[in-house]
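Any value given below was found using the heavy atoms of this structure, including those in side chains, with hydrogens, waters and symmetry copies removed. Residue numbering restarts at 1 for every chain, and letters A, B, ... go by the order of the sequence lines.
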2 protein chains.
Amino acid sequence: GTNFNTGSFGIGKKARSVVVKAETGGVSSINPDIRKNEDKVVDAVVLSEVSKAVTPYCRCWRSGTFPLCDGSHVKHNKATGDNVGPLLLKK
Amino acid sequence: GTNFNTGSFGIGKKARSVVVKAETGGVSSINPDIRKNEDKVVDAVVLSEVSKAVTPYCRCWRSGTFPLCDGSHVKHNKATGDNVGPLLLKK
Ligand code: FES
Ligand code: FES
């Protein structure tokens, strides 16, 4: 999960290039898209209403069915080297 | 949730400075520290064992009591402009 930006600078006779490593450790937003109109995205599950034997809930903020997990954490982990996964509710 | 790095380059007679904007949208790891020895961090909650009226579970990957929420999402949201919060299990 490290990002790089490369800039090239032509100054005087020679072009110089530089690689800058982003300071992403712990200072980046983790939710790019979900319910950005809300100050804080909190969801509640009433346990008596859980119907399936196992219900996965998303913790990667990439699910198309948030707050449920749709498996999108797999793509996120592959793209970034991350290791996140869902919370499973078990009856 | 945007990170900046500033680099100063002294080249020839003048020092020049540049600001590089990191490409963080959707390509960053969201879990900096929790159980990095595991390929995928998945937790299970057996509903019959839930004891409290409301139990918050962490979705920000910053909790000191992960998988439980300890309120650390507040600091994360303030630092990054994010809007994440816990999943509440309600009996
Ligand atoms: S889709 Fe987000 S944890 Fe599975
Ligand atoms: S500490 Fe992570 S959601 Fe509250």
Kindly indicate whether the side chain of B:His76, heavy atoms from C-beta on, has any atom under 4.5 Å from the side chain of A:Ile30. yes
Looking only at heavy atoms and a cut-off of under 4.5 Å, which of B:Ile34, B:Asp33, B:Val42, B:Asp39 has the most pairs with chain A? B:Val42
Top contributor to chain B interface from A:Val74, A:Val54, A:Val46 [non-hydrogen pairs under 4.5 Å]: A:Val46
B:Cys69, part contacting chain A, at a heavy-atom distance under 4.5 Å: neither
Show your working on side-chain hydrogen bond (donor to acceptor under 3.5 Å, both in side chains) between B:Asn83 and A:Asn31 and close with a plain yes or no. CA-CA 7 Å; B:Asn83 70 338; A:Asn31 173 26; 2.8 Å; yes
Just verifying a value: how many Å separate B:Lys90 NZ and A:Ser48 OG, rounded to the nearest 0.5 Å? 12.0 Å
When heavy-atom pairs shorter than 4.5 Å are enumerated against chain B, which of A:His73, A:Lys91, A:Glu49 gives the highest number? A:His73
Using a 4.5 Å cut-off on heavy atoms from C-beta on, say whether the side chain of B:Cys60 contacts that of A:Arg59. no
Atom group of B:Asn77 that falls short of 4.5 Å from chain A, counting heavy atoms: side chain
Give a yes or no on this: more than 12 heavy atoms of other residues, nucleotides or ligands lie within 6.0 Å of atom NZ of B:Lys36. yes
So which part of A:Val50 gets closer than 4.5 Å to some heavy atom of chain B, the side chain, the backbone, both or neither? side chain
